[in-house]
Amino acid sequence: MYNAIIIGTGPAGLTAAIYLARANLKPLVIEGPQPGGQLTTTTEVENFPGFPEGIMGPELMDNMRQQAERFGAEFRTGWVNSVDMSSRPFKLQVEGLGELVSDTIVLSTGATAKYLGIPGETDNVGRGVSTCATCDGFFFRGKEIIVVGGGDSALEEANFLTRFASKVTLVHRREELRASKIMQDRVRGNEKVEWALNRTPLEVVTNEIGVTGLKVRNNETGEEEIITASGVFVAIGHHPNTGFLGGQIDTDENGYIVVKPGTSETNVPGVFACGDVQDTRYRQAITAAGSGCMAAIDCEKYIESLEHQSAAAAVN
C-alpha cells in the first residue's frame, strides 16, 4: 500500500517524485521501457535553466532520478497494463510486479512523437533527426533543414527553424496542406522556406557523421530524388500514452488528459496528471518539470485531506 504511485519517469514524473519524497510520502515511481522519457534520446539540452554550458539529456534525467532517490523515492521497472479507479485505494496491474495499491496516482506517461516509419529515421534520432524544433533548432545554425508534415505544427516548426537554418524545405505527401490558411500564408511569405509537396518520404540518407538528406518519391511522376539537408525534423504529431487508462480519465479528442484549469487535477479525485500527457501546447522539459511540481503539491494536499477525514471519522 503506497501513499502515491507515479507512472512515468520524464521530467514531470521525476520532479513529482522529488517533491513527494521531500514531503516524506515515500512515492513509488514505475519506470517503463524508456526510463527518463524522450530526453534520453536527446543529445545536448541547452534550454533547461541552471546549465549554462548545456547538459546531455540522459545525464539530466539521471541527475533528477538520483535527487528523487536521495529523498526516499522508490523506483521499480514494469509496464502498467491497467488501473482500477472505480474506488480508492486504486489498484494497478503491473507486468512484472503484479498488483500494486495506492491512495493516489500521478500520471506522467508523456506523449510519443509519431514517426514516418522509414529506414534511417529512428536510428538517427539525435544525429540529425529530431521531433522538436525548439529543442534542437539551434544546432542547425546556417545549415539546410527539412521539415516533414502538413499541419499547423509542421508549418510552425518550419517558420521557427528559419531563425537558424539557411534554408528549410517543407516536405508533405499531398499537394494540399492541412494547416490553417493564416499559417500557410505566414510560411509562404518566408523567403527561407522552400516547398516539396506531393512527395512521399522514403529514407533518411546518412553518412558516417550523420544525416545528409531525405530520399523522396514524386507522387505525380513516380521519380525518386534526394533532398539535401543536415537535419530532418519530423512534425506529424504526437500521441499521448493514455491507452492503459481504459477511458476512466477524461481526455480531449486527441487523447490528452484534461485537467482542471490551473491545477493537475483530473476528473477522478486522487488522480493527477502532469507533463506531456496533458500538455498539447508547450511540450518542453521545463514546463513538464513545472507541472510535475504542481502535481506533487496537489497530491500532497489531497493526502492531507484524507488524513483529516480519517482522523475526524475516528473521533466520531
- For K181, enumerate each residue passing the salt bridge (Lys or Arg N to Asp or Glu O under 4.0 Å) test, keeping only those at least two apart in sequence or located in another chain.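 D185.
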
[X] side, atom [atom1]; [Y] side, atom [atom2] - distance, nearest 0.5 Å:
X	Y	atom1	atom2	answer
I227	T212	CD1	OG1	12.0 Å
R65	N63	CZ	CG	12.5 Å
L14	S108	CG	OG	7.5 Å
C299	I105	SG	CD1	9.5 Å
I249	F244	CD1	CZ	9.0 Å
R186	M183	CZ	CE	4.5 Å

Keeping [X] on the side-chain end and [Y] on the backbone end, is there a donor-acceptor pair under 3.5 Å?
X	Y	result
N3	L25	yes
N218	E223	no
D276	D279	no
T169	I146	no
K260	T266	no
N124	G128	no
N207	I209	yes
Q248	M85	yes
S291	G275	yes
E265	D298	no

- Query: What's the verdict on side-chain contact (heavy atoms from CB on, under 4.5 Å) for F272 and Y302, showing C-alpha distance, side-chain angles and the deciding distance?
  - Reply: CA-CA 10 Å; F272 309 90; Y302 181 80; 3.7 Å; yes

Does the side chain of [Y] come within less than 4.5 Å of [X]'s, by heavy atoms?
X	Y	result
T287	R283	no
T104	V271	no
I30	T9	no
V187	W195	yes
H238	Y256	yes
T131	Y115	yes
L245	L107	yes
L197	R174	no

- Ion pair check, R217 and E225, cut-off under 4.0 Å: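 E225 and R217: not salt-bridged.
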
- Pair K167 + E194, salt bridge at N-O below 4.0 Å: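 So K167 pairs with E194 through a salt bridge.
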
Membership question, hydrophobic clusters at under 4.5 Å side-chain separation (ILVMFWY): are [Y] and [X] in the same one?
X	Y	value
V216	V205	no
M294	I297	no
V268	Y2	yes
L202	V148	no
M64	V277	no

Can you name the nearest heavy-atom pair linking [X] to [Y], along with the distance?
X	Y	result
V106	A295	CG1-CB, 4.0 Å
N219	R199	ND2-N, 3.7 Å
P201	L116	CB-CD1, 4.1 Å
G142	S166	O-OG, 3.6 Å
A16	A296	O-CB, 3.6 Å
C132	E157	CA-OE2, 4.2 Å

- Query: Taking the six-membered ring for Trp, are F48 and F51 parallel (under 30°), tilted (30 to 60°) or perpendicular (over 60°)?
  - Reply: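 Taking F51 first and then F48, their aromatic rings sit tilted (interplane angle of 30° to 60°).
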
- Query: Are a donor atom and an acceptor atom from the side chains of Q66 and D62 found within less than 3.5 Å of each other?
  - Reply: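 Yes, side-chain donor-acceptor contact under 3.5 Å.
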
- Would S130 and D136 count as having a side-chain donor-acceptor pair, cut-off 3.5 Å? yes

- Item | Worked verdict on V211 versus V204 for side-chain contact (heavy atoms from CB on, under 4.5 Å) | CA-CA 7 Å; V211 170; V204 175; 3.8 Å; yes

Counting only pairs under 3.5 Å, give me each side-chain donor-acceptor contact of residues 87-97, with atom names and distances, residues two or more places apart or in other chains.
unit_1	atom_1	unit_2	atom_2	d
R88	NH1	D103	OD1	3.2
Q93	NE2	E99	OE1	2.8

- Would you say R188 has more than 12 foreign heavy atoms packed within less than 6.0 Å of its CZ? yes

- Could you please spell out the steps behind the side-chain contact (heavy atoms from CB on, under 4.5 Å) verdict for V171 and V147? CA-CA 6 Å; V171 175; V147 174; over 6 Å; no

- Task: Determine whether the aromatic ring centres of F71 and Y19 lie less than 6.0 Å apart.
- Result: no

- Message: What verdict does the side-chain contact (heavy atoms from CB on, under 4.5 Å) test give for I118 and L214, after you've listed the backbone C-alpha separation in whole Å, the side-chain angles of each residue and the deciding distance to 0.1 Å?
- Response: CA-CA 10 Å; I118 60 176; L214 180 69; 4.0 Å; yes

